[in-house]
Amino acid sequence: MSEGSGTTSDDRPQYRYDARLANEIETRWQDRWEAEHTFWAPNPVGPLTEGWERAAGKPKLYVLDMFPYPSGAGLHVGHPLGYIGTDVFARYWRMRGHNVLHAMGYDAFGLPAEQYAVQTGQHPRVTTEANVANMRRQLRALGLGHDPRRGVATTDVAYYRWTQWIFLQIFGTWYDDVADRARPIAELEAELEAGSREPLSEANPDGLPWSELEDRTRRAVVDSYRLAYLEEAAVNWCPALGTVLANEEVTVDGRSERGNHPVFRRPLKQWVLAITSYADRLLADLDLVDWPEPIKVMQRNWIGRSVGANVAFPVVGHDGVDIEVFTTRPDTLFGATYMVLAPEHPLVDEIVPPDWPDSFITDEVSDLPASWRGIFGTDVLPTEAVRKYREFAGAKSELERQSEGKVKTGVFTGAFAHNPLNGWPIPIFIADYVLMGYGTGAIMAVPAHDQRDFEFAREFDLSIRGVVRPSDAWLAERGADADDADAWPEAYVGEGAAMASENEGVSLDGLATADAKRVIGEYLDAEGIGAPTVTYKLRDWLFSRQRYWGEPFPIVYDDDGAPRAVPEALLPVELPELTDFEPRVLSEDDRETDPEPPLARVADWVEVELDLGDGPRRYRRETNTMPQWAGSCWYYLRYLDPTNDAALVDPEVERYWMGGGDGTGGVDLYVGGVEHAVLHLLYARFWHKLLFDLGHVSTPEPFARLFNQGYIQAPAFTDGRGVYVEAAEVVERDGGFFRGDEPVNREFGKMGKSLRNVVTPDDMYRDYGADTLRLYEMFMGPLDASRPWSTADVTGVHRFLQRLWRNVVDESTGSVQVDDAPADDETRRILHRTIAAVGSDMADLKFNTAIARLFELNNRLTQVVAERGAAPLEVVVPLVQMLAPLSPHVADELWSRLGNPETIAYEPFPEADPAFLAVDEVEVAVQVNGKVRAQVRVASGADDAAHEAAARADERVMAALAGKTVRKVIVVPGRIVNFVVG
RNA sequence: GCCCGGGUGGUGGAAUGGCAGACACGGCGGACUCAAAAUCCGCUGCUCGAAAGGGCGUGAGGGUUCGAGUCCCUCCCCGGGCACCA
């Protein structure tokens with residue numbers, strides 16, 4: 001800053017509200033809040049009861065932010081938007097007499113810290129702790145009213161002990177479909193033992209009764225019921241990184257996002273959680289919660305419930321071997337002209353014949369088309385063609401399969417099945433457009449009425465048989481003939497009257513689709529060839545990661561390789577210390593070698609002697625770790641009772657904070673980004689419901705109300721070469737943007753290093769203070785909308801705080817300039833209108849308009865002060881109180897200077913006096929044919945006739961009505977009078 | 001392709017079917033000052049007009065209504081989600 005000639009720059013009044021004073025005030029109040037435990041939220045019982053005598057009897061309010069990951073980069077101004085929003089909300093309700101719980105912890109396991117550790121050799125705990133400390137500092141400087149005692153981190157041993165405990169609950173649980181809830185596995189064992197339940201399981205293929213099963217089989221049967229189970233699941237395997245990757249970590253060309261290495265689909269034995277057991281409840285209970293509708297829609301789509309039927313197709317020449325398919329259109333069964341299995345389908349190997357069939361047994365095709373033998377030449381045998389096709393399909397990642405468009409590939413297996421309705425033999429293909437993970441992994445193909453089947457049929461010259469009559473309009477538009485489906489240009493997927501669908505037992509002909517579905521459903525059921533079925537897109541949750549920096553599983557394996565739970569008393573299973581955090585990496589194309597997670601190298605940790613009730617034995621520990629989602633699934637419960645080492649959470653504490661007085665209960669307000677619309681929110685709901693079934697929590701849903709805050713975007717600037725330049729150095733002038741003399745282009749994007757447009761909270765604290773930053777972020781737009789950051793606009797709210805301060809405090813002496821004299825009536829009316837509006841806006845999270853109202857009130861106060869030289873306390877007191885949730889430091893400072901010894905945080909929020917909300921006269925717009933022609937004043941509460949009379953008395957209205965016939969008069973009292981003239 | 005959001009002044013944004021543009025930024029003008037900054041006051045959707053006053057205006061087109069930014073239909077653009085789910 002340059003010194004002006006002959007003047008000093010430091011002639012500002014000492015008590016002007018500027019960045020320097022703001023910083024001084026903020027630091028002082030933050031220290032005081034901390035020292036006085038201002039935001040400690042008392043629990044009803046347990047170690048956190050300090051202050052309960054004040055809180056007892058108040059309504060509770062649990063306000064929650066989504067769990068942040070403590071990034072090494074620190075915060076930019078986009079991050080705290082939601083945290084400020086929840087803090088304002090929490091402070092508002094605290095002033096409204098609620099016992100408010102608001103806390104912030106850290107989701108501190110995860111990949112970035114581990115990768116950093118791999119690169120630097122520094123233990124991830126060290127970097128994680130440093131990042132948490134920096135984030136705590138940045139958030140503390142914002143003045144967030146959190147209870148610091150509850151700020152748990154997922155990496156705390158005392159925390160992940162309970163994450164492991166929850167895993168044991170899941171492992172120790174099965175889903176009782178009849179009771180429609182999870183139950184302890186001991187109850188299952190008791191029922192099996194008593195013979196009241198049959199041991200139905202793949203582990204007991206012959207269906208022997210429990211009493212005849214060996215111990216080992218019994219355990220396998222029980223394991224197959226568990227909600228946490230081991231499965232050979234197809235995963236994205238990246239040998240060069242030595243790990244399995246999430247779909248999001250794989251690029252469209254099937255390579256790893258990090259390092260660009262090949263990624264293969266490959267089955268690996270992994271822990272899987274049976275979230276699909278809860279699919280129906282996760283769907284149905286969305287009706288219980290107050291969430292944004294788009295989020296509910298996303299969850300519904302993700303769960304993807306489909307109603308249809310499973311139908312068995314007998315395989316020709318294999319007695320007793322059926323291929324089971326799932327279809328949502330059993331009414332089109334007569335139109336099934338071929339079948340498709342997923343390449344990985346277990347029946348494929350069983351049905352593939354040694355050679356291609358000599359005589360071809362469908363009536364449409366007599367010779368085997370060359371293309372049916374696959375895309376690898378015509379001289380191969382079926383087994384080879386199938387093998388090659390599987391390899392071809394397996395080399396593609398999930399994303400690659402999707403990105404290739406809709407070109408259908410596949411290969412004939414050489415086998416046939418009978419259409420169970422008419423006995424016709426139909427060829428069986430494998431193709432990767434059928435996914436093993438959905439339905440039964442096999443379909444009946446009805447090319448006339450399914451677009452994918454249609455495309456495949458065209459690719460392979462399969463016949464297309466229409467069994468639903470398309471609408472006339474559909475046929476006319478395409479010039480198609482209803483009876484010649486082979487010539488249709490595309491599949492007819494709509495509904496319509498069934499046709500050509502008849503056998504000796506049943507006829508669907510002429511039935512509407514819904515009726516046809518019902519009739520065929522009954523027939524399939526009666527004939528024992530099919531049954532109504534519900535299928536979900538939702539898959540069970542793959543829960544293993546080959547990482548170091550995550551929660552170890554509380555699982556050991558015995559000599560048989562069967563998993564055994566580590567007893568609760570032996571928790572936590574602590575992460576062993578390591579110096580090398582990387583999984584074993586392999587050559588790029590190694591699809592065979594098993595992954596070796598970092599923990600597998602710690603021999604003296606892996607090998608362990610335990611007594612699991614049958615004497616001390618040696619076991620091997622599970623060496624995978626849990627995904628990052630695990631810790632973030634339940635942190636909101638631990639905030640309630642963070643130090644409890646006897647239970648996850650004390651039941652009485654849980655009931656107090658989560659218990660719903662009305663509705664379903666749960667967290668009263670949960671604020672976070674829409675990016676967690678599905679995974680986190682679905683996983684957390686799943687765990688919560690399981691804990692609910694087992695009686696550990698009292699509500700069926702964790703989050704009663706959800707709110708998605710928007711994102712702060714930021715302008716970024718590129719120079720002539722298209723290179724990003726430092727946004728802070730760009731100025732706007734002459735209708736363009738310049739960096740020095742060079743013109744630059746403006747874009748908008750996420751705030752970040754790569755766009756060189758980061759603005760940090762620290763920058764804002766330095767230039768304006770935290771209260772200004774808070775106020776600006778709340779003022780710039782509705783909380784749920786995304787909007788561009790504009791440092792220039794920060795001035796507006798800063799000036800408001802400065803003016804408000806100046807209205808109360810003498811800038812040169814620091815003494816307050818207020819008086820007890822009553823305010824004038826107009827000021828009072830403005831005051832009470834403001835109180836009413838601000839109160840309801842804050843309750844609705846509409847902080848931007850609440851702040852606008854405060855601006856108006858303060859502008860009025862500025863006039864009053866100018867007129868009489870002092871501010872009426874009658875206005876100042878409620879104004880400062882209304883400001884308190886938004887800019888708490890300056891509010892507390894003013895409150896204190898006004899002579900109040902206690903913090904303003906628990907002062908009652910002002911109440912509007914209805915006497916001042918009422919007005920004697922209102923201004924009413926007068927319209928003629930909907931166009932405003934005049935304003936007239938009418939007594940408040942006047943009737944329609946008085947409105948019309950007042951309007952007609954106005955000379956502009958008279959002029960507008962002159963010579964016209966009034967056909968109708970519409971009066972909306974207090975708002976409008978509309979003359980309809982002819 | 002399917003499913004959600006959204007499109008309002010130069011900018012961020014207000015507006016239970018009832019006076020479009022609250023509030024703020026920016027801009028223009030004025031007061032104060034030797035001057036500047038800061039502060040305070042006024043004006044500021046576009047357009048015709050000296051003014052009074054008029055016309056036009058919420059992505060485009062249609063509709064419902066006394067009255068539409070708001071409700072309905074068709075379309076365009078932007079953002080997000082899902083995507084061979086049988």
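Per chain, numbering begins at 1; letters A, B, ... match sequence-line order. Hydrogens, waters and symmetry mates play no part in the numbers below; they use all other heavy atoms, side chains included.
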Check your understanding: Looking at A/Phe456, is A/Lys408 sitting on its ring face, NZ or CZ under 6.0 Å from the six-membered ring centre and within 45 degrees of the normal?
Key -> no
Check your understanding: CG of A/Asn858 versus C1' of B/U39: gap in Å, rounded?
Key -> 14 Å
Check your understanding: What does A/Gln863 touch in the nucleic acid at a heavy-atom separation under 4.0 angstrom: a base, only the sugar-phosphate, or nothing?
Key -> nothing
Review point. C1' atom, B/G29 versus B/U65: distance in rounded Å?
Key: 44 Å
**Study point:** Closest to the A/Asn978 side chain, choosing from B/A22, B/G18, B/A86
**Key:** B/G18
Point to revise | Nearest-angstrom distance from the residue atom CH2 of A/Trp302 to C1' of B/C2 | key: 16 Å
Check your understanding: Does OP1 or OP2 of B/G26 have a side-chain N or O of A/Arg799 closer than 4.0 Å?
Key -> yes
Point to revise | For atom OH of A/Tyr433 and atom P of B/C84, their distance in whole Å | key: 13 Å
Practice item. Check if the side chain of A/Arg787 and the base of B/U11 share a donor-acceptor pair of N or O atoms closer than 3.5 Å. Key: no
Revision key, fill the gap. Against the side chain of A/Thr849, the closest entry in B/A14, B/A24, B/G81 is B/A14
Revision key, fill the gap. A/Gln299 atom CD is separated from B/G81 atom P, nearest whole Å, by 15 Å
**Study point:** Separation of atom NZ in A/Lys296 from atom P in B/C4, rounded to whole Å
**Key:** 15 Å
Study note, to complete from the structure: Closest of B/C40, B/C82, B/A15 to the A/Arg806 side chain is B/C40
